[in-house]
Amino acid sequence: MSDSPGTTNWAKLLFLGVIWGASFMAVSLALRGFPPMTIAALRILIGALCLLAVIRAMGIALPSLHTSDGRIIWACAFGMGFFSNALPFTLLSWGQTYVASGFAGVCMAVVPLFVLPLAHLLVPGEYMTLRRTISFLIGFAGVVVLIGLDAFRSAGTDFESLARLACLGASLCYAIGSIITRLCPQVNMLSLSAAALLCGAAMMTPAALWAEGVPELPTMQPLAAVIYLGLLPTALAQVLLVQVARSAGPAFLSTVNYQVPVWSVVFGAALLGETLPPQLFAALALILGGLLLSRNRRARDLPVKPLR
């Protein structure tokens, strides 16, 4: 694995931040035509079908169930499907019906902070060093400045408190999913990702049908948003993050978490007519400062999967 990320990996990391950042906007648009669980089920199902097509075209097989390691891998895939896809996608889709998208953006920046204590307890050799903790806190402070305290102001809705807990719960889910990924036995990551999405689709599709029924065909905008969520931040992003993690390392990949809220604000201003916050540049300075401080080549950080 190279110590230097290189121009190609920086470009891929930037693109990952863009498509994941745009997913906040896409969820808001999808909610205009689909209920929350259906959005989660459709994006996972689309992503699973795409990744299955990719690994088939590349001649990669799904993990085997005929060996003990294979069964452990499928157990990890089930855990990833639940904690990295089914549950957080549902929590975020439901949460964004009651709270500001800015609050969801802040919650995604909390993911690395959840990973630190979990990795300290569960992953051998992963420790909460002072440098690592300070770098994540600086980046998180930048995200809070970017979104602003208005994201935490009550809108008076009946379910707002539960929705905020749901968004924070989604961040915790992503952190748990990252731990499961790290503890999984060695296996082709695209094969594992396809298996995880397949498990997630198997969970969410019947659950969404039972809870919300067969959705009516919506207008083009919500339909396009769901297709986007399945193709780019769920399927394509999975391929790119595997490439970046292999060539530049999981520590480099984990820095994408602080890009996501920045791009969500940019897309909201450019395409949804939201006002660009005046504190944007101060927030970017804090976020980039946290990223630079976290680039400790001797540290072995976990790959953290943000909102898709």
Side-chain angles (χ1 to χ4, degrees), residues 1-2 5-6 8-20 23 40-86 88-89 173-205 227-257 300-308:
M1 184 178 294
S2 173
T8 301
N9 284 318
W10 275 110
K12 291 177 180 178
L13 191 77
L14 180 63
F15 186 60
L16 282 170
V18 170
I19 59 179
W20 276 331
S23 64
L42 286 174
R43 67 182 294 188
I44 296 172
L45 183 60
I46 293 170
L49 293 174
C50 288
L51 271 190
L52 287 172
V54 168
I55 66 170
R56 181 178 178 84
M58 296 177 65
I60 300 171
L62 288 171
S64 172
L65 275 170
H66 301 298
T67 65
S68 58
D69 276 354
R71 287 187 287 272
I72 294 174
I73 290 169
W74 271 104
C76 291
F78 184 87
M80 291 169 60
F82 183 74
F83 286 109
S84 294
N85 296 285
F89 288 176
C173 287
Y174 286 132
I176 295 172
S178 295
I179 298 293
I180 295 173
T181 304
R182 182 60 177 269
L183 296 177
C184 183
Q186 188 66 32
V187 65
N188 182 283
M189 286 301 297
L190 284 178
S191 175
L192 176 63
S193 299
L197 284 175
L198 191 61
C199 290
M203 297 178 218
M204 280 307 305
T205 303
I227 293 173
Y228 167 83
L229 287 168
L231 292 179
L232 270 72
T234 305
L236 177 60
Q238 187 66 54
V239 176
L240 291 176
L241 72 86
V242 168
Q243 293 176 350
V244 174
R246 283 179 167 177
S247 59
F252 177 74
L253 175 61
S254 70
T255 61
V256 76
N257 288 281
R300 296 186 302 128
D301 293 293
L302 286 171
V304 179
K305 187 179 179 185
L307 174 66
R308 320 307 157 262

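Of all non-hydrogen atoms in P233 and W20, the two that sit nearest each other are O-NE1, 3.0 Å. Summarising the geometry of I55 relative to A194, their closest heavy-atom pair is CD1-CB, 3.9 Å, with the distance given to 0.1 Å. When all heavy atoms of A195 and L62 are compared, the pair lying nearest together is N-CD2, 4.0 Å. Residues A201 and I44 share a closest heavy-atom pair of N-CG2, 3.3 Å. A pairwise comparison of heavy atoms in G177 and M80 identifies O-CG, 4.3 Å as the closest pair. The minimum heavy-atom distance between V18 and Y228, with the atom names listed, is O-OH, 4.4 Å.
In this structure, I60 and V54 have side chains that are not in contact, with every pair of non-hydrogen atoms separated by 4.5 Å or more. The shortest side-chain heavy-atom distance between T234 and F89 falls under the 4.5 Å cut-off.
In this structure, CG in N85 is found 8.5 Å from CE in M203, a value given to the nearest 0.5 Å. Interatomic distance, CG of L183 versus OG of S178, reported as 11.0 Å (0.5 Å rounding). Atom CD in Q238 sits 7.5 Å away from atom CG in L190 (nearest 0.5 Å). To the nearest 0.5 Å, the span separating CG on L45 from CG on L49 amounts to 4.5 Å. In this structure, T8 OG1 and L13 CG are separated by 12.5 Å, a value rounded to the nearest 0.5 Å. We find the OG1-CG distance between T181 and L192 to be 6.5 Å, quoted to the nearest 0.5 Å.
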Hey, can you pull the donor-acceptor pairs under 3.5 Å for the side chains in residues 65-77, sequence neighbours left out?
unit_1	atom_1	unit_2	atom_2	d
T67	OG1	G70	N	2.9
R71	NH1	L65	O	3.2
W74	NE1	P63	O	2.7

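Within the 3.5 Å criterion, the main-chain N or O of A61 finds a donor-acceptor partner in the side chain of S191.
Listed by chain and number, the residues in a side-chain contact (heavy atoms from CB on, under 4.5 Å) with L231 are I46, C50, I227 (sequence neighbours excluded).
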